[in-house]
Amino acid sequence: EICDNFFCLEKNNGFIITSEKDGFNHIYRYDMDGKQVTQVTKGSWDVTGLVGVNEGNGLMYYMSTEVSPLNINLYSVHLDGTRKTRITKKEGTYKVDFCKTFAYYVCSWSEINTPPVVTINRNDGEQVRVIQDNAGLSNVLKQYNFGKVSFFSFNTLDNTELNGWMLKPPDFDPVRKYPVLFYVYGGPGSQTVLNRWGSSSSWNQLLAQHGIIVVSVDNRGTGNRGEAFKKCTYLQLGKIETIDQMEAAKYLASLPYIDKDRFGIWGWSYGGFITLT
């Protein structure tokens with residue numbers, strides 16, 4: 001893994017870096033001799049990025065999947081690992097950019113059915129003003145009869161929980177049976193099942209409006225679920241991923257509104273490899 005999560009500490013004589021060495025991607029603090037001072041974050045979830053370090057008050061800001069691998073939120077924590085605080089509260093995916101004093105940050109939030117809302121916030125999360133709410137785009141989506149994407153999960157035969165999203169036709173009738181088209185990427189560390197605008201495309205909406213249920217499932221080998229989940233495909237690429245996609249198809253075939261004889265799958269790049277496998 002190439003790690004860009006690296007900060008040198010000027011006042012505290014050391015550096016901050018992330019590592020998966022305890023099984024999940026977490027923040028560690030070291031002195032300048034390379035000796036570990038402390039593991040700053042711990043838990044069965046991944047830190048997805050370091051936003052910045054305010055040495056004036058000893059706080060660092062980071063993004064993580066602590067709530068769910070589908071959601072990315074902003075947190076703060078003291079350099080010694082204490083005083084951890086979840087700053088952003090809603091489900092969805094946040095992107096933040098702090099000013100130099102760490103008093104304010106620009107925040108972009110979205111979820112799978114909501115275009116990005118860009119705001120200015122104080123460092124405790126309180127909203128100061130809205131820069132862009134994308135209300136115009138939201139109205140256009142209604143005019144084009146965009147359907148709502150929903151999340152689901154299921155367990156494989158070896159009891160591994162997998163996450164997926166599903167887009168049903170806007171005139172969905174639970175009595176009917178619908179064909180299914182899988183969209184797959186599935187490559188190491190990737191993620192298509194994320195509560196973020198753009199996880200499902202307008203192309204998928206067009207397919208749904210033509211009576212097709214569109215589905216995407218993150219197989220083993222994908223990211224934001226710890227080291228073991230991501231690296232289990234090492235030296236056997238294409239094997240476990242394919243098994244998981246097949247098990248997803250079997251799960252969907254058990255649902256009363258799915259036509260089990262009409263399944264398709266497509267993907268590009270690594271997803272093309274999985275499709276052919």
Side-chain angles (χ1 to χ4, degrees), residues 48-49 51-52 61-65 67-75 86-152 163-174 178 180-185 190-218 223-224 266-269 271:
T48 60
V51 180
Y61 298 90
Y62 67 94
M63 314 301 293
S64 89
T65 61
V67 174
S68 161
L70 306 183
N71 301 287
I72 296 177
N73 280 272
L74 171 66
Y75 292 78
R86 178 182 172 185
I87 298 175
T88 54
K89 304 301 183 183
K90 293 192 294 186
E91 291 189 352
T93 298
Y94 287 85
K95 295 181 180 179
V96 304
D97 187 12
F98 274 91
C99 67
K100 290 183 178 180
T101 65
F102 290 93
Y104 300 91
Y105 63 88
V106 176
C107 174
S108 176
W109 168 86
S110 72
E111 54 100 37
I112 198 164
N113 294 305
T114 306
V117 176
V118 183
T119 60
I120 293 178
N121 298 62
R122 292 188 174 89
N123 59 14
D124 61 358
E126 182 182 351
Q127 182 177 298
V128 176
R129 67 171 62 94
V130 177
I131 300 176
Q132 175 60 266
D133 62 6
N134 269 316
L137 176 56
S138 296
N139 289 331
V140 169
L141 300 180
K142 292 178 182 178
Q143 295 173 22
Y144 280 93
N145 198 27
F146 271 35
K148 298 292 186 182
V149 181
S150 59
F151 293 105
F152 67 93
N163 297 318
W165 58 250
M166 178 185 296
L167 175 61
K168 298 175 182 176
D171 59 351
F172 176 75
D173 181 353
Y178 294 88
V180 174
L181 179 63
F182 275 80
Y183 163 61
V184 61
Y185 189 80
S190 67
Q191 189 175 13
T192 60
V193 185
L194 183 63
N195 196 8
R196 176 183 65 191
W197 176 253
S199 295
S200 178
S201 68
S202 300
W203 165 246
N204 294 329
Q205 293 284 346
L206 178 62
L207 294 171
Q209 290 176 7
H210 281 76
I212 299 171
I213 290 179
V214 186
V215 169
S216 189
V217 173
D218 275 338
N224 281 347
W266 82 279
W268 57 272
S269 188

From Val149, Val180, Ile213, residue fulfilling side-chain contact (heavy atoms from CB on, under 4.5 Å) relative to Met166 = Ile213

Would a 4.5 Å heavy-atom cut-off, applied to side chains only, mark [X] and [Y] as touching?
{"X": "Tyr61", "Y": "Val96", "value": "no"}
{"X": "Tyr105", "Y": "Asn121", "value": "yes"}
{"X": "Trp165", "Y": "Val214", "value": "yes"}
{"X": "Thr93", "Y": "Trp197", "value": "no"}
{"X": "Leu74", "Y": "Phe98", "value": "yes"}
{"X": "Pro116", "Y": "Asn134", "value": "yes"}
{"X": "Val140", "Y": "Phe146", "value": "no"}
{"X": "Glu111", "Y": "Asn113", "value": "yes"}

On a heavy-atom basis, which atom in [X] and which in [Y] lie closest, and how many Å separate them?
{"X": "Ala208", "Y": "Pro170", "value": "O-CD, 3.8 Å"}
{"X": "Thr192", "Y": "Ser216", "value": "OG1-OG, 2.8 Å"}
{"X": "Gly92", "Y": "Asn71", "value": "N-OD1, 2.7 Å"}
{"X": "Asn224", "Y": "Gln191", "value": "ND2-OE1, 2.7 Å"}
{"X": "Ile87", "Y": "Asn123", "value": "CD1-O, 3.5 Å"}
{"X": "Gln209", "Y": "Tyr144", "value": "NE2-O, 2.8 Å"}

ask   = Passes ring pair (Phe, Tyr, Trp, His ring centres under 6.0 Å), Phe182 versus Trp266? Steps please.
value = CA-CA 6 Å; Phe182 275 80; Trp266 82 279; over 10 Å; no

From [X] [atom1] over to [Y] [atom2], what is the distance, rounded to the nearest 0.5 angstrom?
{"X": "Thr48", "Y": "Lys95", "atom1": "OG1", "atom2": "NZ", "answer": "11.0 Å"}
{"X": "Ser269", "Y": "Tyr185", "atom1": "OG", "atom2": "OH", "answer": "3.5 Å"}
{"X": "Asn73", "Y": "Ser64", "atom1": "CG", "atom2": "OG", "answer": "7.0 Å"}
{"X": "Asn195", "Y": "Ser110", "atom1": "CG", "atom2": "OG", "answer": "7.5 Å"}
{"X": "Leu141", "Y": "Ser202", "atom1": "CG", "atom2": "OG", "answer": "7.5 Å"}
{"X": "Glu91", "Y": "Trp109", "atom1": "CD", "atom2": "CH2", "answer": "10.0 Å"}

ask   = Where the side chain of Ser199 meets the backbone of Ile112, is there a donor-acceptor pair that is under 3.5 Å apart?
value =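 The answer is no, because no donor-acceptor pair under 3.5 Å joins these two groups.
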
request  = Verify, without hydrogens or angle tests, whether Gln127 (side chain) and Arg129 (backbone) share a donor-acceptor contact under 3.5 angstrom.
outcome  = no

task = Count the heavy atoms belonging to other residues, nucleotides or ligands that lie under 6.0 Å from CZ of Phe172, then report whether that count exceeds 12.
result = yes

message = Take a 6.0 Å sphere around NZ of Lys89 and say whether it holds more than 12 heavy atoms from other residues, nucleotides or ligands.
response =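 Counting other residues, nucleotides and ligands, NZ of Lys89 exceeds 12 neighbours.
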
Test log, rule side-chain contact (heavy atoms from CB on, under 4.5 Å), inputs Tyr94 and Met63 = CA-CA 8 Å; Tyr94 287 85; Met63 314 301 293; 3.8 Å; yes

task = Could you tell me whether the side chains of Asn163 and Asp218 share a donor-acceptor contact shorter than 3.5 Å?
result = no

